[in-house]
Amino acid sequence: MAFLKFNKSELVNLSYSLKREILGANRTGAYCNTSIVTCNTRRYHGLLAVTLDRFGGDRFLLLSAMDETLVVNGKQFNLGIHCYGDIYEPRGHKYVVDFSADPAPAITYKIGEIVFKKSIVLAPDKDQVLLKYELLESPSDASLLLKPFLAFRNVHALTCRNDEADLSYRDIPGGVSFRMYANFPDLDIQLSDRSATFSYDPVWNLNITYSDEYRRGFDCREDLFVPGRFEMKLKAGGAVVLSASTREENPAEFKRKFNSYLSGKISVSSNHEQLVRCADCLIIDHNGRKKINAGYSWMYTGLLRETLQALPGLALYGLGDPAQFEEILDNLIADEQDRLFRRTTQVEAPLYMASVLQAYIDYGADGKAVWKKYGPVVKGIIESYLPGVRKEVSMHPNGLLWAQLDGVALTWMNAYLGGRAVTERAGYQVETNAFWYNSICFAVDMEKKWGDAKGEFVTKWSEIRDMVRSNYQKTFWNPEHGCLADYVDNYGQNKDVRPNQLYAIWVKNSPVDEELAPSILRVIDDELVTSRGIRTLSPRDNKYRGVYEGTQIERDQAYHQGCTRPFLLEPYVDVCFRVKGPSFLKKAQWLCEGFYEDLGKHGVGAFSELYDGDPPHEPHGAISSALSTAALLAVDYMLEKNKD
């Protein structure tokens, strides 16, 4: 696709190219992530990071980089690039003339008459990355030298030269194997060219600097181990494939497998297909248990809120796979018993279960079967909010939920500064109580229809449902501003204009009168809606921070204080279609267009976690976000339904 290509002038400009990242991810939980000129700018960057159960299921970076050097007619041309302080050396990017991300990242170098291409493919079902090197044109034969940079560390950490590292290697067919520390897997580096040789010349490459970490005020320097170099001959028109894997592979199969993996990638000819490709990458099938990764490269897999919110978009609207939807949901329920039924610092998250099941039924699932399977879970979640079960949140005598744990942010707005919550929001939270009311209504209705209509649950919770309904609107409605308070504490209504109130008119069973929805929407339209999602705080507020840049403190001040969230488009667009009807179609299309225009920014071909609240709304955060991807798929689904 045209928007996944870059020209020479863009690629050689490091201020441009280093801000654009490529990402490959697979079902095992492995990933490959670096900049489009393969200069690593984050601690999370590298050619092969894998999920290791032996270390608690976290990700570990094994192979950080591979430096390539071409030798033609006695002259060496080093194509690698690393940052040392403010110096980039070697400066291989100056030879880059073309980059394409589809169907896989491919970088083309030109040195005089020499044209050389490097392509990167992550195996879809194993911890293996394949790098294909092609000498497309050359006045004579060339030697290709490859130097691996080894990390063997947690992706969140940095490493340094140390005496504990095992710097040895062992020979394997077509290459060599390394294991720098006990309990790590082997890193097997092999080449399709059996005549390739490996020269052992161990050295620590010191003080590699990650510019993005430096800019954010984090630790940013590390030492990487370079064990030596591989060397092989290449003729014009020839190619060699390198494999880096956690197990020995058959070098004779590398070229065939590379081509097979490449042809197996989802073809992309539309924005929707790009969304589907991203959705597929965000679903992990590690050890036969499917889960959703919240975002690459530093977010975790199997998180409660992120999984529930992203699940319909990814599994249903994107992949059209109800069986996968249930499998992921079943795994989440099995893994998150504590958060679902006993305690969590995101008090609204368990209550999102009802909305997920409602979406599943709307998609076509049999309501009776859904309630038979998941009804006990929904009822158990609701009962857990009664007094005496959870310390962080409990139902008050008025039926509303009061959430408070001193100093703790108990919702998705959970950034901290110096150990203090930026948006603590203690008290009655507008969205938590909207999800609460919707959950009770859903459970009572389903139990009446498919369970015990005259049982204790229906009797008890029908009364509580009515009490919540009678108290919600008078607690949160602010007639002066024509919208809902963000939360209500012992001092009264907090009148910050935030998007949380959107959920009160989005849930299927709204606790506010229908005629209030247009007024609430007007406030959201006037103060929060942008061309890149919904702001987390109105620009009219003196706490507003419109740009997500600078130190960790500066970024945390903006994270929920102005930055936009693409995932909020799903409830917003849904409500607007309900309130405004088909007349909203063009604006809904416009709200999506900007994200497709940005596919050449930040994460190339992926959908970012957040954007600046101020124009021109630059992307930030995780380069591939499950919530953003799922929301855009949901909006795409709504657009199709409303086109008629």
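For the pair R229 and Y200, the cation does not sit on the ring face, since its NZ or CZ is not both under 6.0 Å from the ring centre and inside 45° of the axis. A cation-pi arrangement is absent between R545 and Y548, since the terminal nitrogen or guanidinium carbon is not both under 6.0 Å from the aromatic centre and inside a 45° cone about the axis.
Between the side chains of Q274 and R277, no donor N or O sits under 3.5 Å from an acceptor N or O. Side-chain contact of Y44 with H156: a donor-acceptor pair under 3.5 Å is present, judged by distance alone.
With a 6.0 Å radius and a threshold of 12 heavy atoms from other residues, nucleotides or ligands, K235 has its NZ atom at or below the threshold. Other residues, nucleotides and ligands place more than 12 heavy atoms under 6.0 Å from the CD atom of E549. Within a 6.0 Å radius of NZ in K110, more than 12 heavy atoms belonging to other residues, nucleotides or ligands are found. Within 6.0 Å of CG in D219 there are 12 or fewer heavy atoms belonging to other residues, nucleotides or ligands. For K147, the NZ atom sits in a loose shell: 12 or fewer heavy atoms of surrounding residues, nucleotides or ligands are nearer than 6.0 Å.
A salt bridge is absent between R535 and E527: the closest approach of a Lys/Arg side-chain nitrogen to an acidic carboxylate oxygen does not fall below 4.0 angstrom. Between D541 and R498 no salt bridge is recorded (no basic side-chain N to carboxylate O distance below 4.0 Å). Salt-bridge annotation for D598 and R532: present, with a side-chain N of the basic residue lying under 4.0 Å from a carboxylate O of the acidic one. Checked for salt-bridge contact, D193 and K233 miss the test: no charged N lies under 4.0 Å from a carboxylate O.
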### Task
List the steps and the verdict of side chain to side chain contact (heavy atoms under 4.5 Å, CB included) for T246 and D186.
CA-CA 5 Å; T246 55; D186 291 343; over 6 Å; no

### Stepwise salt bridge (charged side-chain N to carboxylate O under 4.0 Å, His left out) test for E89 and K94
CA-CA 11 Å; E89 185 66 32; K94 65 187 178 184; over 6 Å; no

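No donor-acceptor pair under 3.5 Å is formed between the side chain of N40 and the backbone N or O of R42. At least one donor-acceptor pair closer than 3.5 Å links the side chain of N162 to the backbone N or O of C160. For the pair N33 (side chain) and L47 (backbone), a donor-acceptor distance under 3.5 Å is absent. Judged purely by atom type and a 3.5 angstrom limit, K255 uses its side chain to pair as donor or acceptor with the backbone of A239. At distances below 3.5 Å, at least one donor-acceptor pair connects side-chain atoms of H617 with backbone N or O atoms of D612. With H93 contributing its side chain and V37 its backbone, the two residues share no donor-acceptor pair below 3.5 Å. T209 places a side-chain N or O within donor-acceptor distance of the main-chain N or O of G85, the cut-off being under 3.5 Å. In this structure a side-chain-to-backbone donor-acceptor pair under 3.5 Å is present from N26 to A123.
Taking the six-membered ring wherever Trp is involved, the centroid distance between the rings of F99 and Y109 does not fall below 6.0 Å. When ring centroids are compared, F60 and F55 come within the 6.0 Å threshold. The distance between the ring centers of Y31 and H45 does not fall below 6.0 angstrom.
Counting heavy atoms from C-beta on, the side chains of R565 and T536 come closer than 4.5 Å. Using a 4.5 Å heavy-atom threshold, the side chains of D614 and Y544 count as touching. When side chains are defined from C-beta on, L14 counts as touching Y88, because their heavy atoms get closer than 4.5 Å. With contacts defined as side-chain heavy-atom distances shorter than 4.5 Å, the pair L314/L282 qualifies.
Every residue two or more places apart in sequence or in another chain that forms a side-chain contact (heavy atoms from CB on, under 4.5 Å) with E249 is listed here: K126, Q128, Q190, S243, S245, R247, F254, K257.
Separation of atoms CG (D223) and CG (L206) is listed at 4.5 Å; rounding is to 0.5 Å. Distance check: D212 CG to L18 CG gives 8.0 Å after rounding to the nearest 0.5 Å. Note that CG of L167 is 6.0 Å distant from CE of M180, once rounded to the nearest 0.5 Å. Remark: D98 CG to S100 OG distance equals 6.5 Å, nearest 0.5 Å. Distance check: L144 CG to E68 CD gives 7.0 Å after rounding to the nearest 0.5 Å. Taken from CG in L633 to CG in L275, the straight-line distance is 4.5 Å, to the nearest 0.5 Å.
Ring geometry, W204 versus F225: the interplanar angle falls from 30° to 60°, so the pair is classed tilted. Using cut-offs of 30° and 60° for the angle between ring planes, the Y169 and F198 rings count as perpendicular.
For the residue pair C220 and Y214, the shortest heavy atom distance occurs at CB-N, 3.5 Å. When all heavy atoms are compared, the tightest approach of A65 to H82 is CB-CE1, 3.9 Å.
Listed by first then second residue, pairs satisfying side chain to side chain donor-acceptor pair (under 3.5 Å) with a partner in residues 412-423 read W412-N500, not counting sequence neighbours.
Evaluated for a side-chain hydrogen bond (donor to acceptor under 3.5 Å, both in side chains) with E222, the options R43, R153, R161 yield exactly one hit, R153.
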